[in-house]
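What follows is a set of notes on a single structure, which appears directly below.
By convention in this document, chain letters (A, B, ...) are assigned in the order of the sequence lines, proteins followed by strands, and residues within each chain are numbered from 1. These numbers come from the heavy atoms of this one structure, side chains and all, not from hydrogens, waters or symmetry mates.
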Amino acid sequence: MIENLVIVESPAKAKTIEKFLGKDFRVISSFGHIRDLAKKNLGIDIKNDFAPDYEIPKEKAKVVSDLRKYASESKNIWIASDEDREGEAIAWHLAGVLKLDLETTKRIVFHEITKEAITDAIKNPRQVDMNLVNSQQARRILDRLVGFEISPVLWKKVQPALSAGRVQSVAVRLIVEREREIISFKTESSFRVTAVFRIDEKDGNSSIIKAEASKRFRDADEAQKFLELCNGAKYEIKAVTVKPGTRSPAPPFTTSTLQQEAYRKLGFSVAQTMAVAQKLYEAGKITYMRTDSTNLSKMALAKSREVIISGFGEKYSKTRQFKTKSKGAQEAHEAIRPTYIDNSTITGAQNEKKLYELIWKRTVASQMSEAEVEKTTISIEMNNSPVTFSATGEVIKFDGFLRVYSESTDQDNSDEEKYIIPPVKNGMLLYYNYVTASQKFTAPLPRYTEASLVKKLEELGIGRPSTYAPTISTIQNRGYVLREDRPGEKRQIRILALEKGRISASSKTEMTGKEKSKLFPQNIGMIVNDFLMENFSDIVDYHFTAEVEEQFDQIAMGKLKWTKMLHGFYGPFHKTIENTLEKKNRQTGVRILGDHPETGEQVSVRMGRFGPVAQIGSQDNGNKPRFASLTKNLLLETITLEEAIGLFRLPRSLGKHEGEDMVVGIGKFGPYIRHNNKFYSLHKGVDDPYTVTLERALEIIKEKTENEQKKTIKDFGDILVLNGRYGPYITREKQNYRLPKGTDAEKLTKDDCINIIEKSNKSRK
DNA sequence: CAGTGAGCGAGCTTCCGCTTGACTT
């Protein structure tokens with residue numbers, strides 16, 4: 001018999017706590033929720049006041065049987081799940097599953113994992129808070145109703161296996177709407193004038209001031225006229241202002257800000273950040289990584305202070321506690337910080353090291369002094385124009401927290417190079433070295449990255465730290481959005497330059513629309529979004545979550561009955577479901593583009609069974625229409641008649657080779673050549689499927705055949721030893737087998753291979 | 001793994017939030 005059993009949510013947490021509590025306590029973990037709504041069917045008896053049908057998921061059976069065993073061996077049970085809505089529900093489910101009396105079950109909570117906090121918690125147990133539990137049940141059931149009633153409507157009206165939900169559908173909406181803003185954006189250009197001025201000092205030295213004109217010019221003519229004025233102008237400094245200012249450090253990391261900074265500074269995807277953070281957490285190197293709180297424990301504050309003072313001096317220390325700003329934050333945990341702040345770095349895998357150091361810097365910087373800066377603005381007037389030039393410069397007087405860390409922004413404009421403004425006075429005369437007018441184009445708002453989407457969702461109070469990464473995966477898995485790079489296009493910019501009394505014109509090429517790791521909506525995502533907007537505008541409304549959260553709060557405070565809230569929601573919602581099922585047609589995103597200029601047949605595009613498709617002609621008078629798949633990156637919404645007709649130029653025959661047809665086309669994986677039922681990819685950036693010749697095709701085939709032969713180390717007929725990406729391996733009947741370490745692939749016999757295959761098959765079973 | 005585009009239709013797909021492994025490549 002054990003005296004005390006403490007149940008927490010996370011096994012890593014259990015391990016740490018057990019050390020604090022001594023031998024009278026055993027600490028185990030529930031691995032999160034242990035019960036959920038039934039997987040099959042709805043799992044809710046709507047007619048019976050939304051009675052939930054809870055079951056223990058298969059993958060939780062072992063955890064639950066362990067929990068039962070330990071519970072039966074313990075005198076006192078303490079439930080220490082997190083102090084938030086989900087944690088309270090976990091406590092309640094635990095009590096139910098372990099058959100504990102709610103009146104006497106000891107519920108404890110702590111916000112930081114320190115001996116003090118835990119022993120304190122043990123001294124102050126309370127009961128399970130049923131109002132909080134009920135607010136969780138309302139949340140859970142509402143999400144199930146939304147997801148499991150709308151998704152089947154999509155299967156019927158759009159395509160099978162699609163999904164909709166309170167969180168994912170808003171995420172898709174954000175991306176679709178941003179894309180449409182970009183599509184309809186009208187680029188404008190203007191000329192920005194910058195100048196490099198010279199101050200001639202008495203001692204014969206001269207210094208330089210870079211400044212920008214207060215006005216932008218509509219076109220090259222206006223810019224030219226202004227440069228002509230500049231040539232004859234006298235320049236005088238009319239005002240010099242020096243303003244002191246401060247900059248403050250950012251708060252310590254939450255899940256969302258960690259994902260954003262790890263993307264910006266380290267290039268990690270949201271899922272990658274979480275995987276690396278999980279490793280650090282399990283190794284005891286950082287605190288819990290799924291949190292919405294910016295709080296640091298007293299111990300962490302004190303330790304940071306120590307580290308800062310000994311590393312940088314007293315002047316650099318400023319202890320702060322940040323208030324959590326994000327909507328709907330539940331603050332069950334601390335901010336993400338190093339467990340031992342003394343360690344500014346760790347040993348281990350590269351990615352773990354990098355992320356750890358980022359977390360260390362952010363944590364320590366948050367406890368450091370403001371940086372003190374001095375911002376200088378100089379105004380320069382011309383004697384022949386009302387346009388003024390201004391120069392600004394910033395000098396850091398005291399670096400403070402910047403010594404350790406500075407936050408990145410999504411738009412890093414590094415072209416604004418910093419330089420130090422020389423000391424100047426009012427009335428000083430300036431002379432130009434160069435005045436340059438360069439064309440600038442306006443740009444639409446940028447597409448979302450995974451991390452900037454998480455930021456936006458957090459701002460809207462949609463989703464939780466534990467679901468940001470899975471949500472991003474879901475919308476990609478459903479095919480609603482795709483994360484990819486785009487090469488961008490070249491654009492000419494015009495430049496007029498005034499130097500030594502002469503104005504010259506030139507042009508420069510720059511890249512525009514280049515994208516790296518951005519989220520692009522796909523056709524099916526746009527169709528689903530439009531369908532949801534049309535029929536379920538309440539659910540995809542950006543405020544929907546905030547509104548239901550308010551009601552969940554009311555339930556948690558005991559001011560609203562949870563079943564009443566659900567009745568209020570479900571009545572109108574279910575009516576909309578039935579109405580939509582009855583009245584709406586299948587959505588295909590069809591667009592009639594016009595008539596074929598040669599045959600007069602109708603040309604249209606729509607979502608077909610196998611994806612977006614263009615169609616020439618129609619079914620009606622016994623004619624067979626012709627079809628062609630839309631190639632990647634073409635949107636049903638924006639494709640033109642010409643582009644659609646162009647799709648029918650493929651597949652195209654190149655003629656015969658060795659008696660077999662040689663055909664070129666574009667498939668799922670890009671342009672290909674098909675010959676003898678074998679496929680050969682065209683080379684990216686080199687070959688164009690519309691113009692590639694028979695001769696070139698033969699070269700490509702020859703090259704690939706030679707490469708395949710190089711790949712083969714041994715050929716035993718049905719068994720092959722091949723050279724793969726990860727080194728040599730054996731393949732038989734489409735199954736691959738790894739070689740045991742230290743095997744020399746060149747010396748393998750057929751019998752060796754069979755041995756390896758049989759051994760591997762045994763261990764797989 | 002790349003081609004398809006009409007139909008017949010069984011049985012399946014799906015949510016959000018809490019937690020980690022168990023797998024293959």
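- Atom name P, nucleotides B/dC15 and B/dG11: the rounded distance is 23 Å, in whole Å.
- The A/Pro152 side chain lies nearest to B/dT14 when the options are B/dT14, B/dT19, B/dC16.
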Quiz item: In dot-bracket notation, what is the pairing pattern of DNA chain B, taking Watson-Crick (N1-N3 plus N6-O4 or O6-N4) and G-U wobble (N1-O2 and O6-N3) contacts under 3.5 Å, with [ ] crossing and | for other strands?
Solution: .........................
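- A heavy-atom distance below 4.5 Å is found between the side chains of A/Thr580 and A/Phe531.
- For the pair A/Gln136 and B/dG17, the criterion of a side-chain N or O lying under 4.0 Å from OP1 or OP2 is not met.
- Distance from the side chain of A/Thr467 is smallest to B/dC16 among B/dG21, B/dC16, B/dT13.
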Exercise. Determine, for nucleotides 2-12 of chain B in 5'-to-3' order, which nucleotides have protein heavy atoms under 4.0 Å from the base (write B), from only the sugar-phosphate (write S), or from neither (write -).
Key: BBBBS------
Can I get a per-line list of side-chain donor-acceptor pairs under 3.5 Å for residues 11-18 of chain A, giving both atom names and the distance, sequence neighbours left out?
residue : atom : partner : partner atom : Å
A/Lys13 : NZ   : A/Asp82 : OD1          : 3.1
A/Thr16 : OG1  : A/Ala12 : O            : 2.9
A/Glu18 : OE2  : A/Val27 : N            : 3.0

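- Using a 4.5 Å heavy-atom threshold, the side chains of A/Lys656 and A/Asp661 count as touching.
- The aromatic rings of A/His574 and A/Tyr570 sit parallel, their planes meeting at an angle under 30°, below the 60° perpendicular limit.
- Side chains of A/Lys632 and A/Glu484 form a contact here, defined as non-hydrogen atoms less than 4.5 Å apart.
- Between A/Lys39 atom NZ and B/dC15 atom C1' there is a gap of 12 Å when expressed in whole angstrom units.
- One finds no side-chain N or O of A/Arg464 lying less than 4.0 angstrom from the OP1 or OP2 phosphate oxygen of B/dT19.
- Looking at which nucleotide of DNA chain B each of A/Arg140 and A/Arg290 is closest to, the 5′-most match is held by A/Arg140.
- In this structure, the nucleotide among B/dG21, B/dC16, B/dC18 sitting nearest to the side chain of A/Tyr288 is B/dC18.
- Side-chain contact check for A/Glu331 versus A/His111: every heavy-atom pair is 4.5 Å or farther apart.
- For A/Arg166 and B/dG17, the shortest distance from a side-chain N or O to OP1 or OP2 is below 4.0 Å.
- Mapping A/Ala164 and A/Met289 onto DNA chain B via the closest heavy atom, the residue that lands nearer the 5' end is A/Ala164.
- The separation between A/Glu282 atom CD and B/dG21 atom C1' is 9 Å, rounded to whole Å.
- Checked against A/Asp66 for a salt bridge (Lys or Arg N to Asp or Glu O under 4.0 Å), the options A/Arg68, A/Lys62, A/Lys69 give a single hit: A/Lys62.
- Listed nucleotides: B/dG21, B/dT13, B/dT14. Nearest to the side chain of A/Phe31: B/dG21.
- Put simply, CD on A/Gln330 is 13 Å from C1' on B/dC16, counting in whole angstrom units.
- Using a 4.0 Å cut-off, some side-chain N or O of A/Ser10 falls inside it from OP1 or OP2 of B/dT20.
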